[in-house]
Protein chains: 2
Amino acid sequence: MTGGAQLMQAEAEERYEAFHTECPARDVVDHVTSRWGIWVLISLRSNDLRFYELRKSIQGISEKMLAQTLRALVQDGLVWRKVEPTTPPQVTYGLTEFGRDVGEPLTELFDRITRRLSPRSAGARPAH
Amino acid sequence: MTGGAQLMQAEAEERYEAFHTECPARDVVDHVTSRWGIWVLISLRSNDLRFYELRKSIQGISEKMLAQTLRALVQDGLVWRKVEPTTPPQVTYGLTEFGRDVGEPLTELFDRITRRLSPRSAGARPAH
DNA sequence: CGGCATCCTCGATGATACTG
DNA sequence: CAGTATCATCGAGGATGCCG
């Protein structure tokens, strides 16, 4: 495992290098894997939600952090934002194609972890 | 589309609820999506690595954070740790089955983001 | 080499209050 | 309802030094 592994590592290293430095992808990854980003994306995966709905959907998030997280995700092109100029105002958020694209592995990640940790609800699997 | 969506949301909400509270999965997700956790897992995906190799593989990580991140991941059962009592000591890390299981969607996430951002879209993005 | 302990800083986060 | 602004805090994370 030490012999040929070095070559593979060289490849991997080169690839991640672009990434750890100034690649814009780094920011997106940070936003997605941010404390609240992942839950926003997963929540919006099932359907579009308004600010208020989103807030109560994600337990423990403050208005500030929700707004902040949403802003970052909208800027990254993962989430769209639709404003209805009614009274009271109504703002809806949803996933863009990119957002759904990213949300899929995110949900998969979440599923695999919960599946592994709650053997009673999703079939017992032997721990490593 | 908005009508039936409420029901789906009810399901989703109930499901995530268990999760935002005290589910152990929450901790694992936090560790995996922590600032360095994701890179450790992705790095170890290609092959097992020693502490030192891991450190230079992940640009910008400090020894402290690497050790801390590794400890959490080992505790969560995502990473194994093998100590060779030689001089100098030699410690190797690698992914458990669980770790590989989790690393897959993580890599997929990373790939989708870079794929989306790589094609010449550099420079057109607003910095925040 | 691998890693832990300590100190210290800074930014993310939360609470509160205020607008449109 | 959907934010924004301000302030206070708390802990993640970096720097340094010591040890097996």
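Within every chain, numbering begins at 1; the chains are lettered A, B, ... in the order of the sequence lines, protein sequences first and strands thereafter.
Summarising the geometry, the separation between CG on B/Asp30 and C1' on D/dG11 is reported as 14 Å, rounded to the nearest angstrom. Counting to the nearest Å, the P atom of C/dT13 and the CD atom of A/Gln59 are 18 Å from each other. Protein atom CZ of B/Arg35 is 11 Å distant from nucleotide atom C1' of C/dG11, rounded to whole Å. Rounded to an integer number of Å, the gap from NE2 of A/His31 to C1' of C/dT13 is 15 Å. We find that CE of A/Met65 is positioned 15 Å from P of C/dG11, with the value rounded to whole Å. Atom NZ in B/Lys56 sits about 11 Å away from atom P in C/dG2, given to the nearest Å. Between the CG atom of A/Leu66 and the P atom of C/dA15 there is a distance of 14 Å, rounded to whole Å.
Inter-axis angle, ends of the helix from C/dC1-D/dG20 to C/dG20-D/dC1, five pairs per end, rounded to 10 degrees: 50°.
Linking ILVMFWY side-chain heavy atoms closer than 4.5 Å, directly or via other members, places A/Leu70 and A/Val83 in a single hydrophobic cluster. In the hydrophobic clustering of this structure, A/Val91 groups with A/Leu54; members are Ile, Leu, Val, Met, Phe, Trp, Tyr whose side-chain heavy atoms approach within less than 4.5 Å, directly or through other members.
Ion pairing between A/Glu104 and A/Arg100 fails under the 4.0 Å rule for side-chain N and carboxylate O. Of the charged side-chain nitrogens involved, at least one lies within less than 4.0 Å of a carboxylate oxygen, so that B/Glu97 and A/Arg116 count as a salt-bridged pair.
Counting all heavy atoms, side chain and backbone alike, B/Gln59 lies closest to B/Trp36 at O-CZ3, 3.9 Å. Considering all non-hydrogen atoms of both residues, A/Glu63 and A/Phe51 come closest at O-CZ, 3.9 Å.
Listed by chain and residue number, nothing satisfies the side chain to side chain donor-acceptor pair (under 3.5 Å) test with B/Gln68 (two or more places apart in sequence, or in another chain).
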Seminar exercise, completed: B/S/- along nucleotides 1-9 of chain D (protein heavy atoms under 4.0 Å) is BSBS-B---

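When each of A/Val74, A/Leu73, A/Leu44, A/Thr92 is paired with A/Trp80, the side chain to side chain contact (heavy atoms under 4.5 Å, CB included) condition holds for A/Thr92 and for no other.
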